[in-house]
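All remarks here apply to the structure that follows.
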Protein chains: 2
Amino acid sequence: MISRTARYAFQILGYLAARPAQQLRGEEIAAATGIPANYLAKILNQLRKAGLVESQKGWGGGFRLREGAETRPIRDVLVVFDGLGSAERTDCALGRPACDAGHPCAMHAEWAGVRDGFTRMITTTRVADLAQ
Amino acid sequence: MISRTARYAFQILGYLAARPAQQLRGEEIAAATGIPANYLAKILNQLRKAGLVESQKGWGGGFRLREGAETRPIRDVLVVFDGLGSAERTDCALGRPACDAGHPCAMHAEWAGVRDGFTRMITTTRVADLAQ
DNA sequence: ACCTCAACAGATAAGTTTATCCGTTGAGTT
DNA sequence: AACTCAACGGATAAACTTATCTGTTGAGGT
């Protein structure tokens with residue numbers, strides 16, 4: 001539902017959101033969050049390419065939240081790491097290819113409810129909310 | 001949330017539940033469900049060890065639902081394939097180790113709601129309900 | 001007894017996710 | 001210009017999930 005990588009990304013963004021307009025080194029974020037430093041570097045790179053984070057190289061460099069990123073729903077983050085299908089869930093809990101309102105599986109309604117709650121969660125929660 | 005293997009198991013049990021007191025060959029179930037035959041054999045073996053299915057070898061052999069298995073909640077199936085943690089979810093959506101009512105993360109309440117809906121689904125749905 | 005059938009069991013492989021390693025680039029300092 | 005710092009990028013590895021392959025066991029038919 002939420003990959004470990006995506007959860008890392010949430011934590012990282014939360015750490016940045018809590019320290020706006022500061023240049024934070026990857027090493028520092030790794031130490032603070034407990035995320036493996038080298039892996040965290042990859043994640044931050046993807047966040048940069050996705051336009052959520054800005055970076056600066058060299059002495060005094062580091063990462064910071066990009067302007068306007070605080071208001072982005074965390075759904076945008078999930079899409080980056082877990083793909084579109086993870087955010088726009090329409091799958092069947094049994095894995096049946098054709099499961100819809102017309103031919104529902106045993107869990108169709110309840111599963112749809114669970115998914116809706118999830119969708120609501122990731123669309124209403126914004127990056128700024130992750131600040132700890 | 002639900003591994004592919006567990007979904008396979010749901011489908012298999014549904015197929016068996018729809019044909020009670022019949023001896024069904026693995027090959028037949030695989031053909032009907034589209035699940036890879038050799039992988040399906042493994043799954044059925046685990047279901048047997050978990051006491052959900054009975055089997056018979058040789059000519060005329062096959063699988064059938066075990067007595068009383070129809071009333072088992074599908075939570076029991078999920079535990080077999082995805083582990084206890086998958087059924088008794090208490091994890092944090094952000095992956096933070098200490099996230100509780102006292103120190104909730106941004107999504108704590110909503111995520112708890114999603115999890116509760118899921119728990120409810122897998123405890124109220126029984127194997128018999130999977131029959132297609 | 002012998003043969004066939006289908007479940008059983010272990011080993012191996014493919015694919016995906018997570019994590020590590022190492023050299024390069026570019027920015028700032030001295 | 002030389003040096004250091006930290007982000008960048010590609011390659012590699014470890015771990016887990018999913019899938020395949022091969023031979024064995026046991027039950028029934030001939």
Side-chain angles (χ1 to χ4, degrees), chain A residues 1-12 15-16 22-66 77-83 85-86 91 95, chain B residues 1-12 15-16 22-66 78-86 91 95:
Chain A
M1 201 120 204
I2 310 175
S3 71
R4 177 178 296 220
T5 306
R7 293 181 196 223
Y8 283 165
F10 291 155
Q11 288 191 70
I12 294 167
Y15 191 81
L16 293 179
Q22 284 182 48
Q23 204 79 254
L24 300 168
R25 287 179 303 113
E27 203 67 46
E28 174 189 337
I29 305 172
T33 56
I35 301 168
N38 346 19
Y39 196 51
L40 173 135
K42 302 279 185 205
I43 296 171
L44 272 165
N45 218 320
Q46 289 189 259
L47 286 173
R48 180 179 55 82
K49 288 174 182 167
L52 285 154
V53 152
E54 281 175 343
S55 66
Q56 197 160 349
K57 286 186 175 182
W59 205 98
F63 300 90
R64 65 187 173 283
L65 223 51
R66 186 168 166 186
V77 181
L78 200 68
V79 168
V80 171
F81 297 98
D82 294 3
S86 170
D91 60 320
Chain B
M1 201 124 206
I2 310 175
S3 71
R4 176 178 297 217
T5 305
R7 293 182 195 221
Y8 283 166
F10 290 156
Q11 287 193 69
I12 294 168
Y15 191 82
L16 292 178
Q22 285 184 47
Q23 204 77 252
L24 299 169
R25 288 180 301 113
E27 202 68 45
E28 173 189 338
I29 305 172
T33 56
I35 302 168
N38 347 21
Y39 196 51
L40 172 134
K42 303 276 185 208
I43 296 172
L44 272 164
N45 218 322
Q46 288 188 260
L47 287 173
R48 179 180 57 82
K49 288 173 181 166
L52 285 154
V53 151
E54 281 175 343
S55 67
Q56 198 162 348
K57 286 186 175 182
W59 206 96
F63 300 92
R64 63 186 173 285
L65 224 52
R66 187 167 166 184
L78 201 69
V79 168
V80 171
F81 296 100
D82 294 2
L84 245 180
S86 169
D91 60 319

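Convention: sequence-line order gives letters A, B, ...; per-chain numbering from 1.
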| said: Quick test of your reading of the model: are D82(A) and R4(A) salt-bridged, counting only N-O distances below 4.0 Å? | reply: no
| remark: Atom CD of Q23(B) and atom P of dA7(C) are separated, to the nearest Å, by 9 Å
| query | Can you tell which of L65(B), I12(B), L16(B), L44(B) makes a side chain to side chain contact (heavy atoms under 4.5 Å, CB included) with L24(B)? | reply | L16(B)
| field | dT18(D) phosphate, OP1 or OP2, under 4.0 Å from T5(B) side-chain N/O | value | yes
| said: Heavy-atom count check: over 12 atoms from other residues, nucleotides or ligands less than 6.0 Å from Q22(B) CD? | reply: yes
| field | Nearest-Å distance for atom pair CG/P, residues L47(B) and dA7(C) | value | 13 Å
| field | Contact check, side chains of V77(A) and F10(A), non-hydrogen atoms, under 4.5 Å | value | yes
| Can you tell me how far C1' of dG26(D) sits from CZ of F63(B), to the nearest Å? | 14 Å
| message | Checking contacts here: which listed nucleotide (dA19(C), dA27(D), dT18(D)) is nearest the side-chain heavy atoms of Y39(B)? | response | dT18(D)
| task | Tell me which nucleotide among dA6(C), dT18(D), dC8(D) gets nearest to the side chain of K57(A). | result | dC8(D)
| Between dA7(C) (P) and R66(B) (CZ): distance, integer Å | 18 Å
| message | What contact category does N38(A) fall into here, base, sugar-phosphate, or nothing, at under 4.0 angstrom with non-hydrogen atoms? | response | base
| message | Could you check whether any side-chain heavy atom of R25(A) comes within less than 4.5 Å of a side-chain heavy atom of F63(A), counting everything from C-beta outward? | response | no
| Roughly how many Å is it from CD in Q46(A) to P in dA19(C), rounded to a whole number? | 13 Å
| said: Side-chain N or O of Y8(A) versus OP1/OP2 of dA19(C): is the shortest distance under 4.0 Å? | reply: yes
| said: OP1 or OP2 of dC8(C) versus the side-chain N and O atoms of R48(B): is any pair under 4.0 Å? | reply: yes
| Pick the nucleotide of DNA chain C nearest each of A37(A) and G60(A); which residue has the one closer to the 5' end? | A37(A)
| said: Once rounded to the nearest 0.5 Å, what's the spacing between atom CZ of R64(B) and atom CD of Q56(B)? | reply: 6.0 Å
| said: Quick check on dA7(D): is either OP1 or OP2 less than 4.0 Å from any side-chain nitrogen or oxygen of N45(A)? | reply: no
| request: Would you mind classifying the nucleic acid contact of F81(B) as base, sugar-phosphate or nothing, using non-hydrogen atoms under 4.0 angstrom? | output: nothing
| query | Has K42(A) got a side-chain N or O lying under 4.0 Å from the OP1 or OP2 atom of dC21(C)? | reply | no
| Atom CZ of R7(A) and atom C1' of dA19(C): how far apart are they, to the nearest Å? | 18 Å
| query | Base, sugar-phosphate alone, or nothing: which one does Q56(B) contact when heavy atoms must sit under 4.0 Å apart? | reply | sugar-phosphate
| query | Does S55(A) make a side-chain N or O approach to OP1 or OP2 of dC8(D) shorter than 4.0 Å? | reply | yes
| request: For I2(A) and dT18(C), give me the distance from atom CD1 to atom P, rounded to whole Å. | output: 12 Å
| Could you give the CG-to-P distance, from L24(A) to dC5(D), as a whole number of Å? | 19 Å
| side-chain N/O R4(A) vs dA19(C) OP1/OP2, d < 4.0 Å | yes
